Structure formats: C-alpha cells, structure tokens
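Note sheet for the following structure.
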Amino acid sequence: MTKPKVFITRRIPDAGLSLIYDACEVDLWDKDLPPSKEELLQYVPGVDGILSLLSDPIDSDVIQAAGDKLRVISNYAVGYNNIDIREATQRKIAVGNTPGVLTDATADFAFSLMMSAGRRVVEAEKHVRAGKWKTWGPSTLLGVDFAGATLGIIGFGRIGKAMARRATGFGMRILIYDPTAQAMAEIIKVDLDTLYRESDFISIHTPLTPETKHMINAAAFARMKSNVVLVNTARGEIVDQEALYDALKNHRIFAAGIDVSDPEPLPMDSPLLELDNLIICPHIASASTSTRENMALIAAGNLLAGLKGERLPFSVNPEIYN
Ligand code: NAP
Ligand code: GLV
Ligand code: GLV
C-alpha cells in the first residue's frame, strides 16, 4: 500500500516526527527559516497532509495549490489564525491544533513577563552590566506591587485560567473579561471598561480573531490606570502597536511585557526597541522541552488520524464531521 504524502514545514521534536516517518512519505522543510509563501505553494501540490507552524500562512492559495488529495492540516500550535479555516472547512479538510499541553508553560511565561516588567528586571540587569550600580539607593529602579493588586485577564480560557491560578497565590484580586466564560469563586466577571479602569495588570489570553484584532488600541490605553503593566502572550495583532508605543513612551502606562508582536520577528528598526519600559521576547511562551515534545505528539496524532479519515483528537473544525 502506498504511504500518504505529507509536507512538514519545519523539524519538530523526534517524539512526534518519528511517528510520522513510520507511516508517511515525508517531505520535511529542514531549514531554520520558514518556507516563503512561494515555497509553500511549490511544496504542497499533491500532498495528503500538511504539518504547519504558526508562522506559516496556510491561506486559501496554499490550500487550493495542495489540491483535492489534501485531507488534514495539523498546526503545531494551539492558535490557528495562520490557517484559512473557512476554506479548509468548505473542502472538508480537517484542521488540528495542540491545546492543553502548553497551557502551564505559557501561563508561567506570561507570569514571568508580568513580574519582570513590573519589577524592571531586564532594565536592572542592564543597569548593572552598564556599570551604573554605584550604591544601594532608596529610589533606585522602583517598580510596582503584586500582593493586593488587581489583575485583569482578557480571555478566560485554558491559559487565562492558569494565569488566574498563579495570581491567586500572589494575593492578587482577579477580574476577567470574556463574553462566554463563567465567573468562579473569587474571580469577578466584568465588562471591558471596568477591567481597564480597575486593573493594575492586564494580561491578554484571547485568540486572534476579527473581534480581537487591535482590541487594545489608543482608546483602550486612555481608559487604563497610569501604573498598569500590560502583558501579551496571545498574538501581536491584538494590540495596536503604534498605540502601545505611544502609551509606553508617554508613560500613559507603567510597562509592558510582550512575547508576540506585529509583525514577527519585530524589525530591528522598530521604535519599540528603544523603550526601557518594554520587555519583548521572541514568541517563546510554550518553549519548554517537554511542552514542545508533547505538542509534537499531539500534532503527529492529529496528522495521522486525519490521513486515516478518522476524527482528529484535537479538531478546530469538527463541523466537517456533521
Ligand atoms: P482558549 O482556551 O480557547 O481560550 C481563549 C479564551 O478567549 C476563550 O475563553 C474564548 O472564548 C475567549 N475569547 C474569544 N474571543 C474573545 C473576546 N473577543 N474577548 C474576550 N475573550 C474572548 O485558548 P488558550 O489555549 O487559552 O490559548 C489562547 C491563545 O493564546 C491562543 O489562541 C494563542 O493565540 C495564544 N498562545 C500563545 C502562545 C505563545 O507562545 N505566546 C502559546 C500558547 C497560546 P470562547 O471559547 O467563547 O471563544
Ligand atoms: C503559540 O503561539 C501557540 O498558539 O501555540
Ligand atoms: C534589603 O536587602 C533589606 O535588607 O531590606
């Protein structure tokens, strides 16, 4: 029996990759940098399955170029805004993601960005290396407090809830904004205005959708407290980056910690990189060894199930099974 043909857009951990090699004829894009759109269009024709990364635009052009054999797109991420779900669903192509296994790693990282930005850890470290540490100063590098402060969580799904569990341990009051989530013990569901008005920290955990794109804009910053610390580990496009720059530069807000930007990577001439009150990381919130292995196992499981015509263990368009 001929093996199904798959295109894998980057080397993922062996735990998952070896399962795919056992069952498929594999074309692996084995470079450090992603395939360009043109390269994707060149590699996908005739494949039965694609394993993609969040940085690969699997848009209608790519899906159409793949052709009628394409049965499954397995994204190595929980977010799937890089895939044209409507096009895939119309063509009954199953799309999978990797929820759950990266929840704790991502919340850990969001929390560490929140603490590092609030207590100016990166700035303080640079201060030492620049030879500016002359003495212990009563007013040197002052930051903000966590105990008793209010954390506003936008998007109370898996990662938002994990963030709340961590914040509870730090003695924080928690507000959530999420149209469909339920309030829970000690966690107060509010409208967005109240969240902006009362939060000392705001952490974003929604997917990128037409509704959340540029949700955090100049009008939102204008409603926030001036000592607020903003954390974004969700997607860069949720924040209007020019408005973020203005808010940080003019000290409309205290600081921000972002793991995601628009675009990615952030160009080296971005004015954001001149700001001391911004910590930026290169989209690494899920980057722990075991988390990435578990993501590889799930992505491989989704791919192989889709190739066999079985329901994906983690499907983002289950309506194709109706
Ligand atoms: P999730 O469990 O689906 O949680 C997302 C929550 O946001 C859901 O409760 C959802 O409600 C809610 N939501 C949707 N639209 C909203 C809106 N307009 N306003 C407020 N809340 C809204 O997803 P997750 O596993 O927590 O992941 C969240 C996102 O984090 C992913 O989509 C991904 O983009 C990002 N992420 C980034 C990294 C990283 O490396 N930086 C790692 C993992 C995840 P409904 O369910 O009702 O739609
Ligand atoms: C990472 O950003 C993910 O969506 O898994
Ligand atoms: C600081 O090091 C202190 O002892 O308060």
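Being a predicted model, the structure only gives us computed values, none of them experimental. Counting starts at 1 for both ligands and their atoms, following the listed order. Each residue takes its place number in the sequence, starting with 1.
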Geometric cation-pi criterion Lys189 and Tyr177, 6.0 Å radius, 45° cone:
no
What is the closest protein heavy atom to [atom], and at what distance does it sit?
| atom | answer |
| --- | --- |
| atom 12 (C) of ligand 1 | Asp178 OD2, 3.2 Å |
| atom 25 (O) of ligand 1 | Arg158 NE, 3.0 Å |
| atom 44 (C) of ligand 1 | Val78 CG1, 3.2 Å |
| atom 14 (C) of ligand 1 | Pro207 CD, 3.7 Å |
| atom 28 (C) of ligand 1 | His205 O, 3.5 Å |
| atom 40 (O) of ligand 1 | His283 CD2, 3.2 Å |
| atom 37 (C) of ligand 1 | Thr233 O, 2.9 Å |
| atom 48 (O) of ligand 1 | Thr180 OG1, 4.8 Å |
| atom 5 (O) of ligand 2 | Val78 N, 2.8 Å |

Of all the atoms in ligand 1, which lie at a distance below 4.0 Å from a heavy atom belonging to [X]?
| X | answer |
| --- | --- |
| Thr206 | 7 (O), 16 (C), 19 (N), 20 (C), 21 (N), 22 (C), 29 (C) |
| Ala234 | 34 (O), 35 (C), 37 (C) |
| Ala285 | 39 (C), 40 (O), 41 (N) |

Indicate, as side chain, backbone, both or neither, the part of Ile159 found under 4.0 angstrom from ligand 1 when only non-hydrogen atoms are considered.
both
Does ligand 1 have an atom that lies less than 4.0 angstrom from a heavy atom of [X]?
| X | answer |
| --- | --- |
| Thr209 | no |
| Pro179 | yes |
| Ser286 | yes |

Of all the atoms in ligand 2, which lie at a distance below 4.0 Å from a heavy atom belonging to [X]?
| X | answer |
| --- | --- |
| Leu54 | 1 (C), 2 (O) |
| His283 | 1 (C), 2 (O) |
| Leu102 | 5 (O) |
| Arg235 | 1 (C), 2 (O), 3 (C), 4 (O) |

